[in-house]
Amino acid sequence: MSARNYNFLNIEISEGIMGQEMFNLEGKVAVVTGANTGIGQGIAVALAQAGADIAAVGRSEATETADLIHAMGRKCELVSADLSTIAPVDDVVEQTVSSFGKLDILVNNAGVIRREDALNFSEEDWDTVMDTNLKSLFFLCQSAARHMVGWASRDGDRGKIINIASMLTFQGGIRVPSYTASKSGVGGLTKLLANEWAAKGINVNAIAPGYIATNNTAALQADETRNRQILERIPEGRWGEPSDIGGAAVFLASKAADYVQGHILAVDGGWLAR
Ligand code: NAP
């Protein structure tokens with residue numbers, strides 16, 4: 001690997017790492033929750049394309065995702081877990097480490113949404129969303145980080161945690177009180193964990209997807225008025241695809257993002273810029 005000194009910038013640039021190497025995830029093991037469909041599937045496939053092996057975690061078997069990953073010559077293990085409680089959290093980490101020997105990257109993607117007027121919102125809809133989107137996410141971060149602190153170091157290989165936030169990490173939304181509370185919580189928690197774990201060699205960041213065409217947004221897409229209002233507000237003029245989120249996940253999981261901490265990266269076709 002050659003190094004060239006660009007004196008006008010006073011920066012030493014190692015050419016070998018400035019290209020794709022910086023985003024290369026070969027030899028890395030990533031846990032992706034909710035990897036059977038939607039954004040989780042898009043992220044799992046993108047991480048595998050960048051070279052990572054994948055533990056595809058969820059309550060539905062991610063067989064289609066596994067087929068796509070195997071076709072690329074990468075490994076994919078299915079880990080069964082219902083993340084509506086924290087009961088399976090430690091097992092997810094243990095099973096991943098026992099299958100692959102390690103865990104480098106955690107993507108907390110699994111999430112649910114419940115839509116109802118705030119005046120009528122039930123305790124059950126509150127608890128289901130908060131438990132899955134926020135409580136299980138935190139304890140999975142904790143369990144993965146307990147493994148990562150064993151090997152991660154400030155200057156060497158780093159653990160990477162990526163939480164899936166939302167536009168409702170920044171905005172209020174409407175008729176989704178527990179979802180807004182959970183995703184606002186994901187933003188705050190991401191920053192807190194970055195503060196605590198940066199010095200332990202772990203990067204904690206989040207991706208805030210805009211309006212992505214998945215099961216989660218099927219009701220909005222089917223509502224003609226809401227669909228038109230949403231499209232009119234997106235500068236890109238289209239719904240995002242799960243694959244649109246993959247590049248941001250590869251970036252945050254890679255060496256290129258070693259100095260990125262506590263950031264919530266919007267991938268929204270310009271929605272927040274409007
Ligand atoms: P999706 O297609 O509904 O996928 C949700 C994923 O979470 C599925 O794999 C689902 O598994 C899994 N999941 C839900 N509850 C679970 C549980 N108790 N245990 C284990 N897995 C569970 O929706 P998506 O849009 O891809 O959502 C993925 C993430 O992106 C979510 O956190 C969501 O809040 C977030 N997000 C989505 C958008 C968007 O516009 N689509 C925007 C911002 C943020 P099953 O298939 O078994 O239900």
Side-chain angles (χ1 to χ4, degrees), residues 31-46 54-66 78-89 91-92 95 106-115 124-125 127-141 162-171 173 176-187 189-190 206-223 226-227 230-231 233-234 236 238-246 248-249 264-269 271-272:
V31 164
V32 182
T33 67
N36 59 309
T37 184
I39 292 171
Q41 183 176 58
I43 288 174
V45 167
I54 308 292
V57 178
R59 60 185 176 183
S60 307
E61 282 214 332
T63 41
E64 187 185 69
T65 307
L78 304 184
V79 179
S80 175
D82 181 345
L83 295 167
S84 58
T85 76
I86 65 168
V89 155
D91 275 354
V92 166
Q95 274 193 53
L106 166 66
V107 182
N108 273 308
N109 164 79
V112 284
I113 193 163
R114 294 287 184 270
R115 298 177 199 279
E124 190 189 347
D125 282 348
D127 288 344
T128 301
V129 173
M130 292 297 277
D131 287 351
T132 308
N133 294 12
L134 192 57
K135 187 174 179 183
S136 291
L137 175 143
F138 169 70
F139 283 99
L140 205 40
C141 286
I162 303 165
N163 295 322
I164 301 305
S166 163
M167 292 297 96
L168 301 188
T169 303
F170 307 104
Q171 302 176 313
V176 286
S178 55
Y179 189 79
T180 300
S182 71
K183 294 298 184 178
S184 297
V186 168
L189 201 50
T190 297
I207 296 171
Y211 283 79
I212 312 298
T214 67
N215 301 333
N216 174 295
T217 51
L220 295 179
Q221 294 169 71
D223 179 331
R226 289 288 284 128
N227 187 50
I230 287 165
L231 284 175
R233 212 206 119 138
I234 301 173
E236 279 283 346
R238 67 171 176 89
W239 284 79
E241 297 295 330
S243 57
D244 286 314
I245 308 300
I264 303 162
L265 176 54
V267 183
D268 64 351
W271 174 274
L272 288 179

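None of the values given here were measured: they were computed from a predicted structure. All ligand and atom numbering here is 1-based and tracks the order in the structure.
- Counting atoms of ligand 1 from 1 in the listed order, those under 4.0 Å from a heavy atom of A110 are 7 (O), 12 (C), 13 (N), 21 (N), 22 (C), 32 (O).
- Close to ligand 1: K183, with a non-hydrogen atom less than 4.0 angstrom away.
- Residue G58 places no N or O, backbone or side chain, under 3.5 Å from any N or O of ligand 1.
- Considering only heavy atoms from C-beta on, S184 stays 4.5 Å or farther from L168 through its side chain.
- For ligand 1, the atoms closer than 4.0 angstrom to any heavy atom of V112 are 14 (C), 15 (N).
- L137 has its side chain within reach of N163: a pair of non-hydrogen atoms, C-beta onward, lies under 4.5 Å apart.
- The shortest N/O to N/O separation between G111 and ligand 1 falls below 3.5 Å.
- Which parts of ligand 1 touch Y211 is read off a 4.0 Å heavy-atom cut-off, strictly below it: atoms 40 (O).
- Side-chain atoms of T169 come within 3.5 Å of backbone N or O of K183 as a donor-acceptor pair.
- Put simply, no part of A208 is less than 4.0 Å from ligand 1, judged by heavy atoms.
- Looking at S182, G240, A165, it is A165 that brings a heavy atom closest to atom 44 (C) of ligand 1.
- Within the set S60, A213, A35, G34, the minimum heavy-atom distance to atom 45 (P) of ligand 1 is found for S60.
- Comparing G40, S166, A81 by heavy-atom distance to atom 20 (C) of ligand 1, the nearest is A81.
- No hydrogens or angles considered: a donor-acceptor pair under 3.5 Å links the side chains of S84 and D82.
- The distance from ligand 1 to the heavy atoms of T217 drops below 4.0 Å at these ligand atoms: 39 (C), 40 (O), 41 (N).
- Taking 4.5 Å as the limit, every side-chain heavy atom of V129 sits out of range of all side-chain heavy atoms of D125.
- Residue S84 approaches ligand 1 through these ligand atoms, each under 4.0 Å from one of its heavy atoms: 18 (N).
- The shortest N or O to N or O distance between P209 and ligand 1 is not under 3.5 Å.
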> Would N133 and V112 count as a side-chain contact (heavy atoms from CB on, under 4.5 Å) if you check the C-alpha gap in whole Å, the side-chain angles of each, and the deciding distance to 0.1 Å?
Replying inline: CA-CA 7 Å; N133 294 12; V112 284; 3.7 Å; yes
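- Each of the atoms 33 (C), 34 (O), 35 (C), 36 (N), 43 (C), 44 (C) of ligand 1 lies under 4.0 Å from some heavy atom of Y179.
- When the options N36, N109, N163, I164 are ranked by their closest heavy atom to atom 32 (O) of ligand 1, first place goes to N109.
- Among V32, T214, V267, the residue whose heavy atom lies closest to atom 41 (N) of ligand 1 is T214.
- Shown in contact with N215 at under 4.0 Å from a heavy atom are these atoms of ligand 1, numbered in order with element: 2 (O), 3 (O).
- Residue contacts with ligand 1 leave out W239, since none of its heavy atoms falls under 4.0 Å from the ligand.
- The closest non-hydrogen atom to atom 38 (C) of ligand 1, taken over T33, I39, L83, V186, comes from I39.
- Ring pair W239/Y211 is perpendicular by interplanar angle, where above 60° counts as perpendicular and below 30° as parallel.
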